[in-house]
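Note that the structure is predicted; figures quoted are calculated from it, not measured. Each chain gets a letter, A, B and so on, in the order its sequence line appears, and its residues count up from 1.
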2 protein chains.
Amino acid sequence: MVARGEVDGAPDARGRKPSRKRQTRRAQVLEVAARMFHERGYQTTTTQEIGAELGLLKGSIYYYISSKEDLLFELIEQYHEETRGYFEAIVGSDRPPVAKIRELIITSTAHTARHLSRSSLFYTEWRALSEERQQVILAERERHEKALISWIAQAQADGDVRADVDPKLTALAIFGMVNSVYRWFRPDGRRSAEEVGEAFCALAVDGLLVH
Amino acid sequence: MVARGEVDGAPDARGRKPSRKRQTRRAQVLEVAARMFHERGYQTTTTQEIGAELGLLKGSIYYYISSKEDLLFELIEQYHEETRGYFEAIVGSDRPPVAKIRELIITSTAHTARHLSRSSLFYTEWRALSEERQQVILAERERHEKALISWIAQAQADGDVRADVDPKLTALAIFGMVNSVYRWFRPDGRRSAEEVGEAFCALAVDGLLVH
């Protein structure tokens with residue numbers, strides 16, 4: 001696994017502080033890998049091709065990374081790292097459950113749309129990770145799912161959400177909708193990431209019908 | 001490409017009628033391939049492994065199929081073939097647009113849940129098909145999308161659906177939700193395919209809130 005210190009500039013296990021140049025280069029390797037895995041698929045992209053895209057000599061990409069699977073895992077982890085920021089803020093707020101539900105849908109849809117390549121990797125390249133690493137990522141997803149389920153149940157108890165909806169099934173439907181954005185969203189399209197988030201939220205919370 | 005005649009028992013291009021035994025064996029090859037591609041991924045499953053699972057001698061699987069990509073394409077095509085049945089019935093009915101929207105969500109969610117391995121192949125193994133074959137499948141998906149968009153727009157004109165929803169964005173959200181079912185649905189779970197369809201429909205059409 002790639003040591004966390006290599007990412008944030010902290011000393012590595014042997015007490016070496018990575019050079020600024022190496023850190024910059026490493027970030028470039030991750031960016032290029034994200035784009036190539038997304039566009040061409042993880043299985044068919046080689047570390048050598050990623051290195052070549054950056055003008056690296058054959059084999060020297062291993063100065064920055066340990067293996068292709070490490071790259072994939074780190075990209076997905078980076079994505080989750082970023083989701084933690086907004087997720088904890090919503091969890092910690094004292095707003096009513098329906099407001100939390102709305103905010104989670106809007107924010108996570110927009111976040112998925114803004115990070116197309118990294119978010120797509122989770123769904124399309126899932127199987128390529130080791131069992132142990134799949135568990136790490138699954139645990140993170142489960143936290144989000146459980147939070148949404150509990151907000152739906154609380155909102156039912158408050159009388160705001162219909163008593164006949166199944167909180168778990170509804171949470172799965174909402175995440176299915178939110179996470180599908182990476183399949184079609186284009187940054188230069190007619191709708192911004194936030195507008196898509198607002199529209200998805202309106203559909204799931206308010207429904208289609210005129211009341 | 002695999003000739004259609006080999007599937008339904010009609011004579012092939014050279015006028016040969018496939019034997020019953022060969023047809024049965026061919027259907028088994030497709031079933032096993034669907035399961036193995038779904039469980040282990042298309043890239044990492046070989047035709048030899050599919051043959052071995054059926055007790056076929058090395059290489060003799062090519063008596064039933066032409067290539068691994070043919071298998072994948074045919075499995076996705078079989079799935080679409082089945083969707084055409086319910087889709088045309090909804091398109092051809094004279095029910096109001098909101099009823100068509102409800103029926104499409106319920107039926108296609110249940111259909112996806114009932115055909116987990118084939119439906120998952122479309123999303124997870126998409127890239128493995130040739131450009132030309134991707135186009136065939138995209139065209140079919142586009143027909144469904146256009147129909148749903150037009151029903152939402154008609155329902156808006158009738159005053160049944162809120163004027164502020166974007167028909168295209170809503171259709172994408174609905175298909176995203178419907179198609180995500182393959183990721184978690186289990187045939188032996190606490191909800192049937194139809195119940196999941198009803199729940200998804202209620203969420204998208206009626207929303208969460210008490211009115």
Side-chain angles (χ1 to χ4, degrees), chain A residues 38-44 98 101-102 105 109 123-128 145 151-152 155-156 158-185 189-191 195-196 198-211, chain B residues 38-44 98 101-102 105 109 123-128 145 151-152 155-156 158-185 189-191 195-196 198-211:
Chain A
H38 176 58
E39 286 171 7
R40 305 164 46 172
Y42 172 78
Q43 298 286 355
T44 51
V98 171
I101 296 169
R102 285 191 190 275
I105 299 174
T109 304
Y123 295 108
T124 55
E125 308 299 357
W126 176 242
R127 257 185 274 258
E145 202 179 293
W151 298 335
I152 296 169
Q156 282 180 318
D158 295 347
D160 292 328
V161 159
R162 289 189 288 123
D164 65 334
V165 306
D166 175 330
K168 181 158 187 198
L169 212 47
T170 304
L172 288 167
I174 288 173
F175 282 120
M177 184 179 77
V178 167
N179 295 327
S180 68
V181 164
Y182 80 83
R183 288 206 199 101
W184 56 266
F185 185 78
R190 77 194 163 98
R191 299 281 180 188
E195 283 172 332
V196 175
E198 295 278 357
F200 277 27
C201 172
L203 179 67
V205 179
D206 304 310
L208 278 179
L209 301 186
V210 171
H211 292 281
Chain B
H38 176 58
E39 286 170 7
R40 306 165 44 172
Y42 172 79
Q43 297 286 357
T44 51
V98 171
I101 295 169
R102 283 190 192 275
I105 298 174
T109 303
Y123 294 109
T124 55
E125 307 301 356
W126 176 243
R127 259 185 272 258
E145 201 180 293
W151 298 334
I152 296 169
Q156 281 179 317
D158 295 348
D160 293 327
V161 159
R162 290 188 288 121
D164 65 333
V165 307
D166 176 330
K168 180 156 187 199
L169 213 46
T170 304
L172 289 167
I174 288 174
F175 281 121
M177 184 181 76
V178 167
N179 295 327
S180 70
V181 164
Y182 79 83
R183 288 206 200 102
W184 55 265
F185 185 79
R190 77 193 163 96
R191 299 281 181 186
E195 284 172 331
V196 175
E198 295 279 356
F200 277 27
C201 171
L203 178 67
V205 179
D206 304 310
L208 279 179
L209 301 186
V210 172
H211 293 280

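- Take B:Phe200 and apply the ring pair (Phe, Tyr, Trp, His ring centres under 6.0 Å) test, not counting sequence neighbours, and it matches no residue.
- Legend: residues meeting side chain to side chain donor-acceptor pair (under 3.5 Å) with B:Asp160, ordered by chain and number and at least two apart, are absent.
- For B:Val161, the parts lying under 4.5 angstrom from a heavy atom of chain A are both the backbone and the side chain.
- In this structure, the portion of B:Glu39 lying under 4.5 Å from any heavy atom of chain A is its backbone and not its side chain.
- Residue contact with chain A, scored on non-hydrogen atoms closer than 4.5 Å, involves the backbone of B:Arg40 exclusively.
- Taking chain A as the reference chain and counting heavy-atom pairs below 4.5 Å, the highest number among B:Thr170, B:Val196, B:Val98, B:Leu209 is found for B:Leu209.
- Distance check: A:Arg183 CZ to B:Asn179 CG gives 6.0 Å after rounding to the nearest 0.5 Å.
- Contact annotation for B:Thr44: only side-chain heavy atoms (C-beta onward) come within less than 4.5 Å of a heavy atom of chain A.
- With a 4.5 Å cut-off on side-chain heavy atoms, A:Arg191 and B:Lys168 do not count as touching.
- Within the 4.5 angstrom heavy-atom criterion, only side-chain atoms of B:Glu125, from C-beta onward, approach chain A.
- A distance of 7.0 Å separates CG in A:Leu208 from CD1 in B:Ile105, rounded to the nearest 0.5 Å.
- Side-chain contact check for B:Leu169 versus A:Leu203: every heavy-atom pair is 4.5 Å or farther apart.
- The two residues B:Leu172 and A:Ser180 make their nearest non-hydrogen contact at O-OG, 4.4 Å.
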